[in-house]
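Just so it is clear, the model here is predicted, and its values are computed rather than measured. Counting begins at 1 with the first residue of the sequence.
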Amino acid sequence: MIVDAQGRRFRNLRLSLTAACNYACTYCVPDGKRLQAAALELTASELVRAVRLLIDSAGIEKLRITGGEPLLSPKFEEVLPQVMALGLRDVSITTNGQLLPRKARTVIDSGVRRINVSLDTLDPVRFRAIARSGDLETVLYGIDLMLEAGLKVKVNMVPMRTANVDQVLPMLDYCLDRGIELRYIELMNMGHLKQSASFVRDFFGMEDILALIGSRYEYARTDAAFDSTSVRFEVPGRGVFGIIANESEPFCASCTRLRLSSNGFLYGCLSSSHRHDMKDLLALPDDGARAALQRLLLAALGDKQTLSFAGEVTVMKFIGG
């Protein structure tokens, strides 16, 4: 396996099924337009073969299916059972949940045990203002279906000072009551927010989040996996929550993540616009493909930041958030 000077290697793969999304969240796109499928997106069979090659060549152990919005992709039903059969230690899904009731049977029957749902508010009016599409009731129903089926659910929330800070505590109450781990994600300095006045205005960091939570709950920091992006806290007798503190407590030094975009590009780091095209090698026999992939993986690993996230103009939805 390829390992860099800091002992990092690729263990976790984010697989984007499509760049298209049925939302246009304010922190993701600037103009309210929904993202469309990328040109020349890989087929379902090409995506699955790419994953298999990455397992063989990089030692990938965990896979998260992402987008855009993965449940929007017609490839979802074909890719999910095939990657479940690849012997990975863990397969999970990240979704905005809008199509989850419609796709619930596919998810449940696949054997997936974990799902992450992006949700920034419990207020239906605020929901529409942030997502600029969809409806809250459908997402909450989808979450209930997953819990009833016994899946482990995490909810991801992006707190923004001018948009939903008053939802930090209600969201935590909702999640603790249901055994859900809520993860607050610090606003990321990327895409249209990079070095912008909007980023500075809306950034609400770990210290601010903990101050709000501390006004209602006692909490204590608890253990997280060595390469976790989340700083985890326990509320005694109630449950846990996490903070993905991109700015406040960067996790670059232990990052093991690799991203494969829906159109076949590998990204070693969210903080780098460098991308490495693996489409052509998918036409090669396995031995030749593995040899070519080693060179791409070495370059992608070299893109990782040493200490902290530096920001990038790349839109995360294009590369598999």
Could I get the full list of side-chain contact (heavy atoms from CB on, under 4.5 Å) partners for A85, not counting sequence neighbours?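 A85 satisfies side-chain contact (heavy atoms from CB on, under 4.5 Å) with no residue once adjacent residues are dropped.
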
Could you walk me through whether R232 and E181 satisfy the salt bridge (Lys or Arg N to Asp or Glu O under 4.0 Å) test, starting with their C-alpha distance in whole Å, then the side-chain angles of each, then the deciding distance to 0.1 Å, before giving a yes or no? CA-CA 9 Å; R232 298 178 79 239; E181 181 173 337; 3.1 Å; yes

Quick check for you: to the nearest 0.5 Å, what is the distance between L119 atom CG and Q167 atom CD? 9.0 Å

Taking only residues two or more places apart in sequence, or in another chain, which ones meet [X] in a salt bridge (charged side-chain N to carboxylate O under 4.0 Å, His left out)?
X    : result
R178 : none
D135 : none
E249 : R221
E77  : K103

Any cation-pi pair here, K154 with F241, using under 6.0 Å and within 45°?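 Judged by the rule (NZ or CZ under 6.0 Å from the ring centre, within 45° of its axis), K154 is not positioned above F241.
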
Side chain to side chain contact (heavy atoms under 4.5 Å, CB included) partner of I65, chosen from L13, L71, L80: L80

Parallel, tilted or perpendicular, as decided by the 30° and 60° cut-offs, for the rings of H274 and H276: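 Taking H274 first and then H276, their aromatic rings stand perpendicular (interplane angle over 60°).
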
For the CZ atom on R161, are there more than 12 heavy atoms of other groups (residues, nucleotides or ligands in this structure) within a distance under 6.0 Å? yes

Sequence neighbours excluded, which residues qualify as ring-ring contact (aromatic ring centres under 6.0 Å, His included) partners of F204? none

Quiz question: by atom type and distance under 3.5 Å, do the side chains of T162 and D202 form a donor-acceptor pair?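 Side chains of T162 and D202: pair found under 3.5 Å.
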
